[in-house]
Structures are given as C-alpha cells and as structure tokens.
Amino acid sequence: MDLFEDDAPGQNAPEFTVSELSGAVKRMVEGEFSHIRIRGEIGRVSWPRSGHVYLDLKDDKSVLASVIWKGVVSRLPTRPEEGLEVIATGRLTTFPGQSKYQMVIEDMRPAGVGALMAMLEARKKKLEGEGLFDPARKRPLPYLPEIIGVVTSPSGAVIRDILHRLRDRFPRKVLIWPVAVQGEKCAPEVARAIEGFNRMTPGGAMPRPDVLIVARGGGSIEDLWGFNEEIVARAAAASDIPLISAVGHETDTTLIDFVSDRRAPTPTAAAEIAVPVRTELMYALDDYAARLGRGMSRALDLRGQRLRDLSRALPRPERLVENARQRLDFASERLPSALRRNVDARRLRLSEAAGSLRPGTLRRAIQSEAQRAERLAARLAPAESRLIAARRDALNARAARLRPEALSAELSRQTTELARLTQRLSDAQKRNETQRQDRLDASARLLETLSYHRTLDRGYAVVRSDNNVITSAAAAKTAGALEIEFADGRIQIGGAAKPTKKTKDTGPSQGSLF
Amino acid sequence: MTNDTPVSELSFEAAMTELEKVVGQLENGQVPLEESIALYQRGAELKKHCEAKLKAAEEKVAQITLDGEGNPAGLKPVEGL
C-alpha cells in the first residue's frame, strides 16, 4: 500500500469514450429490461401529428418517460389519458444522444375497473360543471320524424332491432352511419358521425335526419368505454339534431347518456321513443274526424232547434202595428184643429205688435231728434269763445303777478347786506392787527426778561474777544483784546484800550498776596 | 280564430294538435255559426293532411359509405335487416 501511495486511485482503470459508455449502458439496460410490466398513473400526454404518443408514467416519487408507437396506439383498448391508472407492458431503451432512457409501451390497459370508474367520475364532474348535463339543454324530440339517423355498427343485432321496431311502429327513412362500437376507433368515429349528420342539409341528396339514435349492444365496461370518451359526449352535447342514446343494457350508464336529449335503456326502446305507433295515430285521427262531423252537425242541429223555438215565440206582425195604428188615427184626427189654433194664436200676436207700428210715430221721433241736434249746434260756437276768454283771463292774471318792484327791493336789500359785511370785515382786520401788536410786545418783554441782560443786572459780566464769548481763563490769556459787557455798557481791555489795562493792573495787585 | 298557416306546411304533430283543438272548439258549441263552418273546413283539411302523412309511411333504409378519411361519400341501400 505504501508502495503505491503516489498513484491516484483508479489510475489503472480502462478509459472509455462517451459513446462507448453510452453504448454499454444501452446494451445493459435493453438487455436487462427487455420485457417489463409496470403499473403507474399516466401523467402528461402529447399527441404530435406523427401519430406516436408521448407520455409520462408516474407514481408519487418518480417519472418514467414513455412512448407508444403509432401502430400500437390504434390497438389499445383505451385511449391514454392523463390521470388514468394503467398497467403497461413493453421494454426500456436509452437515447444516447441526450443521455436519456424511456419505455417503449407495447400494450397498456387500465389498472382494473376501479381506475376506469374513477376517471369516468372525474369526467362527469367536469362536464357537469360546464353545464352540459343541464336539463334545460335537452331539446324535445320531434313527434313524427321523417328521417332517422342511426350511429352504430352496420352489422349485428342492434341495427336489426332498431329497424324491426321502427317497421312495427311507423316505417320511416333511416340513414345508418357505420362506426366501430368498441376499441380505440370507436370514440372518434362516433363523434365524427354525430358531427357529420349535423352538417347535412335538410332535403339534400343525403338529407339531414330529424332525430339521431346512437346505439350499441351490451358489453363489458371496457367494451363500452368509447361512449365514455369526452369527444363523444361533447359531440352529442353540441348536436343540433335531437339525440337519443342507447348504449349497452339498462344497467349500463355511459357518459353520452348524460348529455343526450333522451336516454333509451336499449336500442329497441330507442326506436320506440323515436316514432309513435302508426295504427294508434290512425285510430286517433279517425276519432277526431268523427268528432269533427258530429260537432258540426250538432252545432247545426242546435241552431236549427233554436231558430224554430225563437220563430214560434215571435208575435204576429199585425199585433205589432195595431197599437201604433191606433195612435196614428188619434193623432191625425187632432191635427187640423191643432194647426188652426196655432195659426190663430200667432195671428193675434202679430196684430198686437203691428198696432203700434205707425209712420207718424216714427216721424215725430225724427223731428224731436232733429230739434235737439239744432239746439246743440247753436250752443256750440258761444261755448267755444267762452272757453277761449276764460283761458285768456287766466293768462292775464298770471302775467299781472310778474312785477319788477319785488326784484329791485331784493337787490337793494342784498346791497346793504354786502356793505355791512364789508364793514365787519375791516373792523375784524383792525382788531386782529392790534391784538397781534399786543402779543408781539408781550413776547418782546418776555424775551427781555429771559435774556442774559437781567443776569448782568445781578453783577455778572460777559467777556468777548473779537465778538466771540470767552468762557475760560486759558482762552482769555491767548486772546489779544477783551471786551467786557456789563449791565450798563461795554469796556475794552488790553490792546489799545485803557479801561482794559486797568483791569489788568488789578490782577497783579491780587497776586502780591503770594 | 282559426290558424292562418296553410295546412300543407304543418308538421304531422302540429296538424294533429290543431285538429284536436278544432274538434274541442266545435264540440263546445260556443262558437258563432260562421266560425263553426270555418272551423269544420279547417278540421277537414287537417284530417286529410294527417291521413296523407300516415299513409306515406314508407320504410327506406340506406347506409352511408365513407371515403378514406371517414367523410360521407354516398349511400347504399340496405336490405334484409
């Protein structure tokens, strides 16, 4: 061990290329797992156009990628669908180009009936959630369809049962759309047939049926499975033509039964639901016809009887007019005298009115009116001149009141007032002047009282030099001539002035004390 | 009071239903005479129409032939079923 210390472990293992190793893995995996059986739930499924199916098989921990080649897909009893628990058989293979391995499935079937039923329940919930089972969606079936479309296997007991029962009840035109009723092809073919019938045009070469029957005989749940496929249920739900489903026996319920417009327990029952019984209808029609005739004749009889009854009750025509005739006679007898009375009365009223209507009356009235008019006309001119004179007098009276004396009196009054005011103005001015003079004198006196001259009276003096007031001894020494002002006058000392010298002399005499 | 739709355009069921109604009205006896006559005539027409539909009961069974892509290609008569 010590001898090989320097060597890294595995140093002497053989070296592979990647392809060699991948090939070795492939051989080992494909050799070891050449035939396996595996149970798992189908995960993601994809259906590319190639026809192969890629899917994941999974359990709670692991996922296994798988492929079903196209040829195998068509043989499978059930269509691979997400969520379905299955048992798949096949082999493992690797995919060296991507370092992957996958299972190639050669057969796959549901892991027991329980798995299928669980998936069916999930589908039912989903479609029910979309409202496809809603009773309001169900359309009524036509009472007597002209053409019946049957989606089923063209051979076998089912189509035979349906045709027999139709023949018994009411022979009709039947179009059979052949489909596989089990296996992988079943669901797409059935869905296609339902859609195909719906695309036909009424009255065309292939006339559109008035009702559809989708039928299949009994079988195991796996056999019937195609009718549990979603595409079938959706096609049936989308069908515009009313659809009767009849799949399996009465106890078998498939997904299409929930979306069809009627569910028939058996194919025979579907035929019974599709058409009424012809003979019964004929009886019914005969019955209606008989009742129609009876009803009509009864209506006529009733009216005939009523007519006879009424005509018996009609009174004789003579009696109807007797009364009237009598009234006529009576009235016509009274007519001439009534007319005469009426004329007399009117004539009396006329003569009363005409009596007072004479030309003289009218003339008098005219004359009196004419006189009144003349009288009024005569009064018209004097009245007018009277009115004018009255207005003129009023005018003169007002004019007379307009006199100049009043104005001149007012003028002289105003002149006097003006002179008086002028006098008052000059007096006031004079008074004002005197007052001002007095106030000036008083102020002058006050000024004199407050001035320094009064201080001079009390023995003080003001020293000036060149008209400047000297306030200190130092200033006095430097100054040339001094002027001293007393209360009674000013003197000059120093310089040329004598009195000034005198004051200087008094100074040294005081200094002799020292 | 009577329906205006021409009888020939009625389906069997509609004609049958109307006939039933007409019979009922006529039996009731409340309809004026002129209308009764019109109802009777309509009823007779309806009956004739329904009768014709019932007599025209003919069985004819055909199977759709499909092309390679599963689309309907034609019809072939079916016998012996």
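In what follows, every chain begins at residue 1, and chains take the letters A, B, ... in the order their sequences are listed. All heavy atoms count here, side chains included; hydrogens, waters and symmetry mates do not.
Aromatic ring pairs are classed by plane angle as parallel below 30°, tilted from 30° to 60° and perpendicular above 60°; the pair F12(B) and Y143(A) is parallel.
Atom CZ of residue R172(A) and atom NZ of residue K60(B) lie 12.0 Å apart, to the nearest 0.5 angstrom. Summarising the geometry, atom CG belonging to D286(A) is positioned 6.5 Å from atom CD belonging to E51(B); distances are rounded to the nearest 0.5 Å. Atom-to-atom distance recorded for L66(B):CG and W177(A):CH2 is 6.0 Å, nearest 0.5 angstrom.
With a 4.5 angstrom heavy-atom cutoff, A14(B) does not touch chain A via any of its atoms. Looking at P32(B), only its backbone comes within 4.5 Å of chain A, counting heavy atoms on both sides. Interface residue Y40(B): backbone and side-chain heavy atoms are both found under 4.5 Å from chain A. Interface residue L54(B): backbone and side-chain heavy atoms are both found under 4.5 Å from chain A.
Interface check for chain B: of the options G295(A), P178(A), G196(A), the most heavy-atom pairs under 4.5 Å are formed by P178(A). The choice from G149(A), A284(A), P154(A), S155(A) that makes the most heavy-atom pairs within less than 4.5 Å of chain B is P154(A). Between chain B and the options H164(A), M206(A), M282(A), R298(A), the largest number of non-hydrogen pairs under 4.5 Å is found for M206(A). The greatest number of non-hydrogen atom pairs below 4.5 Å with chain B, out of L163(A), L144(A), L285(A), is found for L285(A). For the options N28(B), V78(B), N71(B), L46(B), heavy-atom pairs under 4.5 Å to chain A are most numerous at N71(B).
Considering every non-hydrogen atom in both L26(B) and L292(A), the closest pair reads CD2-O, 3.5 Å. For the pair Y288(A) and M16(B), the tightest heavy-atom approach, listed with the atom from each and the gap, is CE1-CE, 3.9 Å.
Checking side-chain atoms of R291(A) against main-chain N and O of E27(B) turns up no donor-acceptor pair under 3.5 Å.
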